[in-house]
Q: 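A single structure is presented below for examination.
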Amino acid sequence: MKYWLVKQEPKCYPWAQFVHDGHTAWTGVRNFQARNNLRTMRRNDRVFYYHSVTGKCIVGLARVTRGAYGDPTDETGTWSCVDLEPMRPCREPVTLEQIKNAPGLDHLALLRQSRLSVMPVSTEEAIILCKMGGLE
DNA sequence: GCCAACGTTGGC
DNA sequence: GCCAACGTTGGC
């Protein structure tokens, strides 16, 4: 089981809406590196849900319910998406500032590649993030 | 609102 | 294949 982090602006699709919907197709990714990460995802992988721009914090944990398939919002066949389902919210959101200051998280792609919207998280990093967010 | 980072496009 | 111009993302 691998760990990932996806970014979303809360004004586009907030965690609360995700929870309300119960599941969602993670469509619309139009960046090759992010797409390649999507394609590496497997069912039951865990996904940290990060609110970008407004919020700037991890707000919950989701899981992959369906591995990569063709993004239905893409006519060209170039892009992929996965299906996600919320698991549980953070007891406390993990802020970007906390992440920056936490030992062991300095290699997180979130800090190194600010524009990447789908990125891997190592098991070690995931353990730290779960602890910080009150996620078991 | 600004701007750094960085991906994409298109002329050459 | 190079690179300037341009657009987007996202933190500040």
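Note on naming: letters A, B, ... go to the chains in the order of the sequence lines (proteins, then strands), and numbering restarts at 1 for each one. Quick note: numbers below take in every heavy atom, side chains included, and nothing from hydrogens, waters or symmetry partners.
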Q: Of the listed nucleotides (C/dG10, C/dC12, B/dT8), which one gets closest to any side-chain atom of A/Phe32?
A: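 Given the options C/dG10, C/dC12, B/dT8, the side chain of A/Phe32 is closest to B/dT8.
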Q: What's the CE-C1' distance between A/Met119 and B/dC6, to the nearest Å?
A: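 Rounding to the nearest Å, CE of A/Met119 and C1' of B/dC6 are 14 Å apart.
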Q: What is the distance, rounded to the nearest whole Å, between atom CD1 of A/Ile99 and atom P of C/dC12?
A: 11 Å
Q: Check whether A/Asp45 reaches the backbone of A/Arg42 with its side chain - one donor and one acceptor, N or O, closer than 3.5 Å.
A: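 Checked: pair present.
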Q: Could you check how far CD of A/Glu9 sits from P of C/dG10, rounded to whole Å?
A: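 A/Glu9 atom CD is separated from C/dG10 atom P by 6 Å.
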Q: Let's see if you can work this out: which of C/dG10, C/dG11, B/dG7 has an atom nearest to the side-chain heavy atoms of A/Ser117?
A: C/dG10
Q: Does A/Tyr50 make a side-chain N or O approach to OP1 or OP2 of C/dG11 shorter than 4.0 Å?
A: yes
Q: Taking CZ from A/Arg35 and P from B/dT8, how many angstroms apart are they, rounded to a whole number?
A: 11 Å
Q: Under the rule for salt bridge (charged side-chain N to carboxylate O under 4.0 Å, His left out), what residues qualify as partners of A/Arg63, not counting sequence neighbours?
A: A/Glu85
Q: Please state whether the phosphate of C/dG10, meaning OP1 or OP2, lies under 4.0 angstrom from any side-chain nitrogen or oxygen of A/Lys7.
A: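 Result: yes.
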Q: Are the charged groups of A/Arg30 and A/Asp71 less than 4.0 angstrom apart, N to O?
A: yes
Q: To the nearest Å, give me how far apart NZ (A/Lys100) and P (C/dG10) are.
A: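 After rounding, the gap between these two atoms is 14 Å.
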Q: Taking the six-membered ring for Trp, are A/Trp79 and A/Phe32 closer than 6.0 Å centroid to centroid?
A: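 Centroid separation for A/Trp79 and A/Phe32: below 6.0 Å.
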Q: Quickly work out the A/Gln113 CD to C/dG11 C1' distance and round it to whole Å.
A: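 Going from A/Gln113 (CD) to C/dG11 (C1'), I get 16 Å.
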Q: Rounded to whole angstrom units, what separation is found between the CZ atom of A/Arg30 and the P atom of C/dG7?
A: 20 Å
Q: Closest to the A/Arg115 side chain: B/dG7, C/dC12, B/dC6?
A: B/dC6
Q: Could you check how far CG of A/Leu5 sits from C1' of C/dG10, rounded to whole Å?
A: 14 Å
